[in-house]
Amino acid sequence: METAPSPPPADDTAEQLRALGVRLPETEQAVIAHGRRLLQRWLDRVRREP
Amino acid sequence: MIPTIAEAWPRLRDGTLKAAGLVDACLERIAAHDHQVHAHTSVCAESARQAAQATDAEIAAGRWRGPLHGIPLGVKDIIETANVATTGGSRWRLGHVPQHDAAAWARLRAAGGILIGKHNTHEFALGGPAFDLPFPPARNPWNLDHFTGGSSSGAGAGVAAGFCLGAMGTDTSGSIRGPASFCGIAGLKPTLGLVPTDGVFPLSPTQDHVGPLAWTVNDCAWLLDGMAGTDTARRLSTDITGLRIGVASRWHDHDMMISDDTARALHAALEVFSRLGAKVVAMDVPELAEFHAAAMPVVLHEAYAIYGADLRQEATKFSALFRDRVLLGAFVGDADYQAALRLRGRLTARMREVMTGCDVLATACMGTAAPKLGSVDTYYFMDNATTMPPPDVTGQPALSFCTGFDEAGLPLSMQLIGAHGAEAKLLSAGTAYEAASPWRERRPVLVA
């Protein structure tokens, strides 16, 4: 069964990384935020699995 | 010219080739060219020469151990080697000298394999090709401006360059088959669990595999037997009459972009298989994206579980590529991880059904020839599904080998996937193809 794709995640990547205690420059946090958006596509897909 | 393992071992056994001479030939090539290729994180010249002398004495005394006795080999630098630094290609493990061999390397060493050096790797088998590591990235011997593939980058480059006769690599999402493809050699990812991973730095423990890379498919069989304690090489047959080769056209014609050169080489190879008497049949396979959806959360979640503490402590001690990739694992929750494992189970069951309709499954490996080294994106593996993760997800054996060259002289490749435990069929098909095609006669030319 098809499910609606998740809405784009709010870009809280920088906050999340800070909460984890990971210290990286802002430019790199933006790179990871981009990776997270790409990952979301695969997570949306795997969430269809019963 | 460096011989293949199959050429070398009968001569080592009868004494017409000495291990000392073979090791010296490899070391001379390394000394002449590895400053360009960067295949190694360390070279074990002195210990290799000592081992070679001991080997020659042992064989002369009538104690020949078998086909790997006296064969110079390289070992990926995430695989532990007693008394030889094992760095993972990372600042985190510089100076780490294990006391014990990894289980699979211990077997090869007991069979008489000689460690010529530790092979360059993407950081902990994920972060590369990177220029901010202690070791510069390996370069493709067919064109030094081009990528080797990874993460067994030094293994692909080292075997292609003739620095050793074979290598041990690891494959979690294609890390043996990718370098084998781009470097124009053969690489085998065995059935999950066939070769032990004890003593190998983990990336994704439920999906990590250890396996061989070599100039020929046949040599991969000898190495597999050494690592796994199997008896495959002697059972190979180049008579593949009646072998059912299923073609996963959906993957390379629809789900994944491949170059015209790769497609032409793949179709030409299938014609060769037909001429050899194999029965080439179309097979219906699950969508490639399903395998990717199963692999990605699992690998990232498990890698973050392993390296998360170090990332939280000092992220910048890792390469930017490694940390930017593994940190994504922090965003894969337990529910997504469990769902990916369930998807993996369903895909494995589905592929068991597929394999009842064929003996081996043929498809592309890398979709193109090797790109330029600096052109690899941080998340290239996230954008598009490729044909390499499926056998990692299902645990099936998979073999990549050279199917020709493009106009620029860069190698092209294809992949055969087998049923669980059916390495002999895969390796027989690959060996038959290599015997019927001219590609093993061409070696990269390195100019000092």
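In this text the structure is predicted, and so the values were computed from the model without any measurement. Throughout, protein chains are lettered first and strands after them, A, B, ... in sequence-line order, and every chain is numbered starting at 1.
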At their closest point, which heavy atom of B/L328 faces which heavy atom of A/G35, and how far apart are they? CD2-C, 3.7 Å

CE/B/M382 to CZ/A/R36 distance, rounded to the nearest 0.5 angstrom? 11.5 Å

Taking side chain as everything from C-beta outward and backbone as N, CA, C, O, which of these in B/E287 sits under 4.5 Å from a heavy atom of chain A? Side chain, backbone, both or neither. side chain

Is the shortest side-chain N to carboxylate O distance from B/E314 to A/R23 below 4.0 Å? no

Does CZ in B/R346 sit with more than 12 non-hydrogen atoms of other residues, nucleotides or ligands closer than 6.0 Å? yes

Residues A/V31 and B/Y379: closest non-hydrogen pair is O-CE1, 3.4 Å

Turns out that what part of B/A320 lies under 4.5 Å from chain A's heavy atoms comes down to both

Less than 4.5 Å to any heavy atom of chain B: does that hold for the side chain of A/P25, its backbone, both, or neither? neither

So which heavy atom on B/R312 is nearest to which on A/L20, and how close? CD-O, 3.0 Å

Once you round to the nearest 0.5 Å, how far does CG of A/L24 lie from CG of B/D324? 7.0 Å

Taking the side chain as every heavy atom from C-beta outward, state whether A/E28 and B/R323 have any atom pair closer than 4.5 Å. yes

Going by heavy atoms in the side chains, are B/F331 and A/T13 under 4.5 Å from each other? yes

Which atom names give the shortest non-hydrogen contact between B/A339 and A/E49, and what distance separates them? O-CG, 3.8 Å

Report which part of B/A295 has an atom under 4.5 Å of a heavy atom belonging to chain A: side chain, backbone, both, or neither. neither

Look only at the side chain of A/W42 and the backbone of B/H292, and say whether a donor-acceptor pair between them is shorter than 3.5 Å. no

Kindly give the heavy-atom pair with the smallest separation between A/V46 and B/D336, and that separation in Å. CG1-O, 4.1 Å

For the pair A/R48 and B/E290, find out whether any cationic side-chain nitrogen is under 4.0 Å from an anionic carboxylate oxygen. no

Interatomic distance, CZ@B/R325 vs CD1@A/I32, rounded to 0.5 Å, equals 12.0 Å

At a 4.5 Å cut-off on heavy atoms, which part of B/L327 comes close to chain A: side chain, backbone, both, or neither? side chain

